[in-house]
Amino acid sequence: MNTPYVVATAGSSDPAQPLVVLLHGRGSSERGIIGLAEHLPAGPVYAAVRAPIAEGGGYAWFRNRGIGRPVEESLTETMAWFRSWLDAVAPAGRPVVLVGFSGGAAFAGGLLLSDPHRFAGGAILYGTLPFDAGVPLSAARLAGVPVFVAQGEQDRVIPAELLLRTWTYLLTESAAPAYARRDPGGHGITGETLAELGGWIRERLAFVARPRANGDSGVKAGWTGLREDGLPLRAGHRPQVSWTIPQEQRSDNAPRELQEKLLSRISTLAGVSTRQSAISVPGATGLMLGPAPAATSDGFLVPSVGEFAHQHPAHDGSLHVALPPVLAAEAVAKGWAVAHPLAGVRLASGMVLVYGPRDDSELETVAAIVQTSHNYATLQV
């Protein structure tokens, strides 16, 4: 594809600053979306790229076989075209966040899914992921890649089944820390969503700029307290979990006696004290190790008080823990956990909600997950 690149820019002109790429919807252009930069945080460079396919007085990122359904060959070609531009302006090491609206959301999703470690995050606004278009959609594909997802409850442009499929995958199986919004309107960006997107971008880029912590400590990550075959698959369907904050388990909850048995077990881990969580809801029990050294802060939910995990009150029974990112991804992929919406944005990059145990066998596994979190906080994994 030899289509010339047409790019509108805003914000900083410093090529060393993070890059936020704004991807317009079908039939629009770079001029229609670059204005969003006025409402987003100062600091990054903002660039809006014109899609390469002429469409209805504007431009499109791919040929369609139906609304929200890209032709695989077309999507593959335009993603390669886009990456050629991106590699020239954002060499390795420069953080890149994608923000896509409608058809641009599908294009952003394709880029994220094809090469998740290339990006610091992505916003999927009022659009669908490119299902059945040749991009990987495996479990934990987006682990460690924060995603902002917004949808309109009355959207009549994108097929409802594609919106639901996008929402479900991003908030569960993908393992992405997914910050989600559902607006009462239709197919358009609301002021509230734009304000929250701005805060999300600011916090994600600030997190990326932090000194590296546990995730790069050089200590090999592995499960503690499990059999040689490692973390098993969790049986059955995933419980319902709130997509708002506070994040909580809302179905298939652990019996109270198992919650008590689990807390008794994990509160005896070496050096642990228990008290009201410093970050969770009233009645949540925090597991504390004392203030965290700066070099190990990613192993804690609240480094200043040494909180590496907490168990939620009895009506919920789930737990939040900080894990090595690779193990957090495995816990999600095998059905034991879901990523926290602000993991890697405001909180530890490997923070997950672990479902409460339904029987004694699951209690053993959940206790081992918490023990692994404890060892991560003390640099033993």
(message) For the aromatic rings, using the six-membered ring if either is Trp, is the centroid distance between Phe131 and Tyr169 under 6.0 Å?
(response) no

(request) Keeping the roles fixed (side chain from Ser74, backbone from Arg63), state whether a donor-acceptor pair exists under 3.5 Å. (result) yes

(request) Check the angle between the aromatic planes of Tyr5 and Trp85 and answer parallel, tilted or perpendicular using the 30° and 60° thresholds. (result) tilted

(request) Could you label the plane-to-plane angle of the Phe107 and Phe82 rings as parallel, tilted or perpendicular, counting under 30° as parallel and over 60° as perpendicular? (result) perpendicular

(request) Find out whether Leu319 and Ile369 are in side-chain contact, i.e. whether some heavy atom of one side chain is under 4.5 Å from a heavy atom of the other. (result) no

(message) How close do His310 and Ser277 get, counting heavy atoms only, and between which atoms?
(response) ND1-OG, 3.4 Å

(message) I'd like to check Leu258 versus Glu362 (side-chain heavy atoms, cut-off strictly below 4.5 Å). Are they in contact?
(response) no

(request) Report, as yes or no, whether the 6.0 Å neighbourhood of atom CZ on Arg65 holds more than 12 heavy atoms from other residues, nucleotides or ligands. (result) yes

(message) Checking Tyr126 now: which residues fulfil side-chain hydrogen bond (donor to acceptor under 3.5 Å, both in side chains) with it, not counting sequence neighbours?
(response) Asp183, Thr193

(request) Determine yes or no for a side-chain-to-main-chain donor-acceptor pair under 3.5 angstrom, with Gln249 supplying the side chain and Pro239 the backbone. (result) no

(message) Rounded to the nearest 0.5 Å, what separates atom CZ in Arg250 from atom CG in Asp316?
(response) 9.5 Å

(message) I'd like to know if the side chain of Trp81 and the backbone of Pro52 have a donor-acceptor N/O pair within less than 3.5 Å.
(response) no

(request) Report the distance from atom CZ of Phe207 to atom CG of Asp298, rounding to the nearest 0.5 Å. (result) 4.5 Å

(message) Whether the side chain of Ser297 engages the backbone of Pro303 through a donor-acceptor N/O pair (distance < 3.5 Å, no angle test) should be reported.
(response) no

(message) Taking Arg69 first and then Asp132, would you say they form a salt bridge - that is, a charged N and a carboxylate O separated by under 4.0 Å?
(response) no

(message) Quick one: does any side-chain atom of His187 pair with a main-chain N or O of Ile158 as donor and acceptor, under 3.5 Å?
(response) no

(request) Kindly give the heavy-atom pair with the smallest separation between Val96 and Ala90, and that separation in Å. (result) CG2-CB, 3.6 Å

(message) Rounded to the nearest 0.5 Å, what separates atom OH in Tyr179 from atom CG in Leu170?
(response) 15.5 Å

(request) Identify whether Leu205 and Val145 are in the same connected component of the hydrophobic contact network (ILVMFWY, side-chain heavy atoms under 4.5 Å). (result) no

(message) Test of understanding: clusters of I, L, V, M, F, W, Y form through side-chain heavy atoms closer than 4.5 Å, transitively. Do Val7 and Leu98 belong to the same one?
(response) yes

(request) Give a yes or no on whether the backbone of Val89 and the side-chain of Arg94 come within a donor-acceptor separation of less than 3.5 Å. (result) yes

(request) Might you point out which heavy atoms bring Val20 and Pro44 nearest each other, and give the distance in Å? (result) CG2-CB, 3.8 Å

(request) Could you tell me the separation between the OG1 atom of Thr78 and the CZ atom of Phe62, rounded to the nearest 0.5 Å? (result) 7.5 Å

(request) Would you give the length of the straight line joining atom NE2 of His340 to atom CD1 of Ile245, rounded to the nearest 0.5 angstrom? (result) 5.0 Å

(request) Give a yes or no on whether the backbone of Leu163 and the side-chain of Gln151 come within a donor-acceptor separation of less than 3.5 Å. (result) yes

(message) Can you confirm whether Arg31 is buried at CZ, in the sense that more than 12 heavy atoms of other residues, nucleotides or ligands lie under 6.0 Å from that atom?
(response) no

(request) Taking the side chain as every heavy atom from C-beta outward, state whether Tyr59 and Val49 have any pair of such atoms under 4.5 Å apart. (result) no

(message) Could you go through Thr190 and Arg181, starting from their C-alpha distance and side-chain angles, then the distance that decides it, and tell me whether this counts as side-chain contact (heavy atoms from CB on, under 4.5 Å)?
(response) CA-CA 11 Å; Thr190 66; Arg181 279 187 55 88; 4.2 Å; yes

(request) Hey, could you give me each pair passing side-chain hydrogen bond (donor to acceptor under 3.5 Å, both in side chains) that has a residue in residues 258-276? Not counting sequence neighbours. (result) Lys261-Asp360, Arg265-Glu364

(request) Without swapping roles, check the side chain of Arg238 against the backbone of Ala337 for a donor-acceptor pair under 3.5 Å. (result) yes

(message) Has Glu192 got a side-chain atom pairing as donor or acceptor with Leu194's backbone, closer than 3.5 angstrom?
(response) no

(request) Side-chain contact test, heavy atoms from C-beta onward, threshold under 4.5 Å: evaluate it for Leu269 versus Leu289 and give yes or no. (result) no

(request) Evaluate the side-chain proximity of Ile189 to Leu36: yes if any heavy-atom separation is below 4.5 Å, no if none is. (result) yes

(request) Find out whether the Lys NZ or Arg CZ of Arg182 is both under 6.0 angstrom from the six-membered ring centre of Trp167 and within 45° of the ring's axis. (result) yes

(request) Report yes or no: do Leu125 and Leu23 belong to one cluster of Ile/Leu/Val/Met/Phe/Trp/Tyr joined by side chain heavy-atom distances under 4.5 Å? (result) no

(message) Quick check: is Val45 connected to Ile33 through a chain of hydrophobic side chains (ILVMFWY, heavy atoms under 4.5 Å apart)?
(response) no

(request) Decide yes or no for Glu330 and Trp336: does some side-chain heavy atom of the first lie under 4.5 Å from some side-chain heavy atom of the second? (result) no

(request) Heavy atoms only: give me the nearest Arg204-Ala120 pair and the separation to one decimal. (result) NE-O, 2.7 Å

(message) More than 12 heavy atoms of other residues, nucleotides or ligands under 6.0 Å from CD1 of Ile279: yes or no?
(response) yes

(request) Might you point out which heavy atoms bring Val332 and Ala339 nearest each other, and give the distance in Å? (result) CG2-N, 4.0 Å

(request) Write out all pairs satisfying side-chain hydrogen bond (donor to acceptor under 3.5 Å, both in side chains) with one or both partners inside residues 34-49, taking only residues at least two apart or from two chains. (result) none

(request) Could you check if a side-chain atom of Leu347 sits within less than 4.5 angstrom of a side-chain atom of His320, using non-hydrogen atoms only? (result) no

(request) To the nearest 0.5 Å, tell me how far Leu112 CG sits from Arg118 CZ. (result) 11.5 Å

(request) Assess whether side-chain contact (heavy atoms from CB on, under 4.5 Å) is satisfied between His237 and Asp252, documenting all intermediate values. (result) CA-CA 9 Å; His237 298 292; Asp252 208 13; over 6 Å; no

(message) Any donor-acceptor pair under 3.5 Å linking the side-chain atoms of Ser29 with those of His24?
(response) no

(message) Within the 4.5 Å heavy-atom criterion, are Leu323 and Thr372 side-chain neighbours or not?
(response) yes

(message) Is it true that, when you exclude Arg346 itself, more than 12 heavy atoms of the residues, nucleotides or ligands shown sit nearer than 6.0 Å to its CZ?
(response) no

(message) Assigning hydrophobic clusters by single linkage (Ile, Leu, Val, Met, Phe, Trp, Tyr; side-chain heavy-atom cutoff under 4.5 Å), is Val338 placed with Val370?
(response) no

(message) On a heavy-atom basis, which atom in Ala175 and which in Ala140 lie closest, and how many Å separate them?
(response) CB-CA, 3.6 Å

(request) Could you go through the side-chain contact (heavy atoms from CB on, under 4.5 Å) check for Leu86 and Leu19 one step at a time? (result) CA-CA 10 Å; Leu86 185 66; Leu19 176 66; 3.9 Å; yes

(message) Using modelled atom types and a 3.5 Å cut-off, is there a donor and acceptor pairing between side-chain atoms of Thr378 and backbone atoms of His374?
(response) yes

